Amino acid sequence: AQSVAQPEDQVNVAEGNPLTVKCTYSVSGNPYLFWYVQYPNRGLQFLLKYITGDNLVKGSYGFEAEFNKSQTSFHLKKPSALVSDSALYFCAVRDMSRTGLTFGKGTMLLVSP
Amino acid sequence: ETGVTQTPRHLVMGMTNKKSLKCEQHLGHNAMYWYKQSAKKPLELMFVYSLEERVENNSVPSRFSPECPNSSHLFLHLHTLQPEDSALYLCASSQDLPGGTAETQYFGPGTRLLVL
């Protein structure tokens with residue numbers, strides 16, 4: 001069975017500082033990894049994904065994520081946080097034995113001015 | 001965000017009511033999904049349709065009944081729900097290719113359901 005862990009319920013960072021939102025995963029085959037963001041009363045918006053290739057994936061709004069196979073991690077990062085980045089972030093994984101995504105429980109990111 | 005639309009956005013229903021949630025995708029995708037998002041729980045995959053055939057049903061109670069009449073529309077029919085079914089119901093779509101690739105799923109804004 002596949003699973004995703006987001007160990008932090010909330011991450012607090014000051015505007016302008018770098019941010020990291022952690023994600024670890026477990027799948028039986030090659031992992032396909034995704035990050036989504038959810039703003040209040042909205043659906044999930046796609047940020048980035050890792051399928052194969054470079055371990056550093058660049059996505060929307062200046063976000064990037066680093067795939068680490070040995071640590072089974074896919075942490076989301078941004079060099080300089082904005083107040084507008086405050087939202088709920090979800091990591092998700094899919095292996096090719098299934099069609100749907102398995103999501104982590106989400107991490108609330110709060111960026112203070 | 002207008003690629004996947006959901007109606008209604010909010011719904012309040014009693015336990016004896018019958019209602020339906022509607023999802024429409026304007027992206028030309030061939031796969032559609034229903035997810036349930038409850039407070040303090042991970043998103044749960046409920047149903048998957050690919051080429052209008054149900055390919056995944058994750059042990060969802062029979063009081064939830066999906067319908068996919070064509071590749072652009074997906075319904076979730078609700079009857080005799082329980083208060084614990086109150087949640088945000090999210091629809092998503094993707095373009096799944098032969099041989100299997102992890103194509104991106106695009107989500108609608110959700111229907112906020114309250115069961116009294």
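Note that the coordinates shown come from a computational prediction; the quantities given were computed from them, not determined experimentally. Per chain, numbering begins at 1; letters A, B, ... match sequence-line order.
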Would a single hydrophobic cluster contain both [Y] and [X], if residues Ile, Leu, Val, Met, Phe, Trp and Tyr are joined by side-chain heavy-atom contacts under 4.5 Å?
X     : Y     : result
B:L11 : B:M46 : yes
A:Y50 : A:Y61 : yes
A:Y39 : A:V21 : yes
B:L78 : B:M15 : yes

Would you name the heavy atoms of [X] and [Y] that are closest together and state the gap between them?
X      : Y     : value
B:T104 : A:F34 : CA-CE2, 4.1 Å
A:L101 : B:L45 : O-CB, 4.3 Å
B:Q37  : A:F90 : NE2-CZ, 3.4 Å
A:G104 : B:P42 : O-CB, 3.7 Å

- prompt: Do A:R42 and B:P109 touch side chain to side chain, with heavy atoms closer than 4.5 Å?
  reply: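 No, side chains not in contact.
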Tell me if the [atom1] atom of [X] is crowded by more than 12 foreign heavy atoms within 6.0 Å.
X      : atom1 : result
B:Q82  : CD    : yes
B:N70  : CG    : yes
A:K105 : NZ    : yes

message: Under a 4.5 Å cutoff for heavy-atom pairs, which residue among A:L44, A:V4, A:D9 has the most contacts with chain B?
response: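 Among the listed options, the one with the most contacts to chain B is A:L44.
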message: Less than 4.5 Å to any heavy atom of chain B: does that hold for the side chain of A:Q6, its backbone, both, or neither?
response: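 Neither part.
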- request: Check step by step if side-chain contact (heavy atoms from CB on, under 4.5 Å) holds for A:F46 and B:F107.
  value: CA-CA 8 Å; A:F46 170 73; B:F107 285 78; over 6 Å; no
task: Take A:Y36 and B:Q105 through the side-chain contact (heavy atoms from CB on, under 4.5 Å) test and state the conclusion after the steps.
output: CA-CA 10 Å; A:Y36 285 84; B:Q105 293 182 20; 3.6 Å; yes
Proximal component of B:L43, with respect to chain A [non-hydrogen, under 4.5 Å]: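 For B:L43, backbone and side chain are both near chain A.
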